[in-house]
Amino acid sequence: MPSPAPEDDARYLADYYEQARRVMRDLQAARAAIGQVEGRARSKDGLVEAVATGHGELTGLRLDPRALRLGEAALGREVTAVLRAAQDDAERRAKEIADKVAGAATLPEPLDESFVRDRVEQVARDLL
């Protein structure tokens with residue numbers, strides 16, 4: 001990015017600051033939205049249901065009493081699959097939120113060392 005003209009420095013920095021504040025607000029809103037995400041999953045027969053947060057935490061598991069007829073091994077596999085599916089659903093939803101804000105959260109390129117050098121040289125020329 002080309003350096004702004006010296007007379008535009010104050011406006012450039014104000015704009016940069018405002019854009020940074022906007023990005024931070026968007027990131028905070030996304031973080032809050034991800035905290036509200038609930039991923040849900042249900043087994044094909046509807047006997048096992050699970051809920052997970054956008055951070056992957058499992059918050060709910062419901063077993064229909066008929067699920068106990070599946071036997072220990074089959075029930076374990078079914079519960080594991082449904083829990084993973086709920087977490088996957090929550091992860092997908094959280095990723096959608098994160099991707100949306102990441103695409104919009106861009107700051108201008110930072111000014112490099114030549115910016116400071118140019119300003120010092122300008123001041124030296126103005127003094128002479």
Side-chain angles (χ1 to χ4, degrees):
M1 169 181 195
S3 297
E7 60 273 9
D8 296 329
D9 286 353
R11 170 71 7 226
Y12 174 81
L13 292 174
D15 290 346
Y16 194 96
Y17 177 72
E18 184 53 40
Q19 191 170 359
R21 286 176 48 96
R22 189 172 35 256
V23 167
M24 291 304 297
R25 278 193 307 267
D26 292 348
L27 291 172
Q28 289 169 342
R31 183 177 184 185
I34 288 171
Q36 299 298 314
V37 166
E38 278 193 343
R40 296 181 174 273
R42 172 186 283 183
S43 61
K44 291 178 185 175
D45 58 13
L47 300 178
V48 180
E49 295 179 17
V51 181
T53 70
H55 300 291
E57 179 184 340
L58 298 167
T59 59
L61 176 64
R62 187 193 69 75
L63 299 174
D64 185 294
R66 294 174 292 164
L68 301 176
R69 297 182 195 145
L70 295 173
E72 185 179 330
L75 180 58
R77 284 189 302 273
E78 194 69 24
V79 167
T80 299
V82 171
L83 290 174
R84 283 188 184 148
Q87 287 175 315
D88 289 347
D89 182 46
E91 179 183 6
R92 179 188 55 76
R93 293 169 186 253
K95 187 174 180 335
E96 287 173 0
I97 294 168
D99 288 348
K100 183 177 178 183
V101 75
T106 56
L107 292 173
E109 288 294 319
L111 297 171
D112 60 16
E113 71 279 352
S114 66
F115 173 77
V116 175
R117 187 178 322 113
D118 291 346
R119 291 305 178 268
V120 170
E121 289 173 358
Q122 180 68 44
V123 169
R125 282 191 300 272
D126 290 348
L127 291 174
L128 297 176

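Quick note: numbers below take in every heavy atom, side chains included, and nothing from hydrogens, waters or symmetry partners.
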Next item on the list: Report yes or no: do Gln19 and Asp15 form a side-chain donor-acceptor pair below 3.5 Å?
Entry: no
Margin query: Grouping I, L, V, M, F, W and Y whenever their side-chain heavy atoms are under 4.5 Å apart, do Val101 and Ile97 come out in a common cluster?
Written below: no
Margin query: Does atom CD (Glu18) have a neighbourhood of more than 12 heavy atoms from anything else shown, all under 6.0 Å?
Written below: yes
Check: Should Ile34 and Met24 be counted in the same cluster of Ile, Leu, Val, Met, Phe, Trp and Tyr side chains packed under 4.5 Å apart?
Finding: no
Next item on the list: Run the salt-bridge test on Asp89 and Arg93 with the 4.0 Å N-O cut-off and return the result as yes or no.
Entry: yes
Note to self: Looking at every heavy atom in both Leu47 and Ser43, which two are closest together, and how far apart are they?
What the structure shows: N-OG, 3.1 Å
Next item on the list: Report the distance from atom CG of Leu75 to atom CZ of Arg77, rounding to the nearest 0.5 Å.
Entry: 10.0 Å
Next item on the list: Give the cluster check for Leu83 versus Val37: same hydrophobic cluster or not, with ILVMFWY residues linked at side-chain heavy-atom distances below 4.5 Å.
Entry: no
Note to self: Between Arg84 and Gln87, is there a side-chain donor-acceptor contact under 3.5 Å, judged purely by atom types and distance?
What the structure shows: no
Item checked: Test side-chain contact (heavy atoms from CB on, under 4.5 Å) applied to Val123 and Asp126, Leu127, Val120, the passing residue -> Leu127
Notebook entry, point to check: How far apart are the closest heavy atoms of Ala41 and Ala86, and which atoms are they?
Noted result: CB-N, 3.4 Å
Margin query: For Gln36, is the CD atom crowded, meaning more than 12 foreign heavy atoms sit under 6.0 Å from it?
Written below: no
Next item on the list: Please check if atom CZ in Arg31 has more than 12 non-hydrogen atoms from other residues, nucleotides or ligands closer than 6.0 Å.
Entry: no
All N/O donor-acceptor pairs, side-chain side in residues 58-70, below 3.5 Å, sequence neighbours left out:
| from | atom 1 | to | atom 2 | distance (Å) |
| --- | --- | --- | --- | --- |
| Thr59 | OG1 | Val51 | O | 3.4 |
| Arg62 | NH2 | Gly46 | O | 3.1 |
| Arg62 | NH2 | Glu49 | OE2 | 3.1 |
| Asp64 | OD1 | Arg66 | N | 2.8 |
| Asp64 | OD1 | Arg66 | NE | 3.0 |
| Asp64 | OD2 | Arg66 | NH2 | 3.0 |

Next item on the list: Answer whether the closest heavy-atom distance between the side chains of Lys95 and Arg92 falls below 4.5 Å.
Entry: no
Checklist line | Glu121: partners by salt bridge (charged side-chain N to carboxylate O under 4.0 Å, His left out), with sequence neighbours left out | finding: none
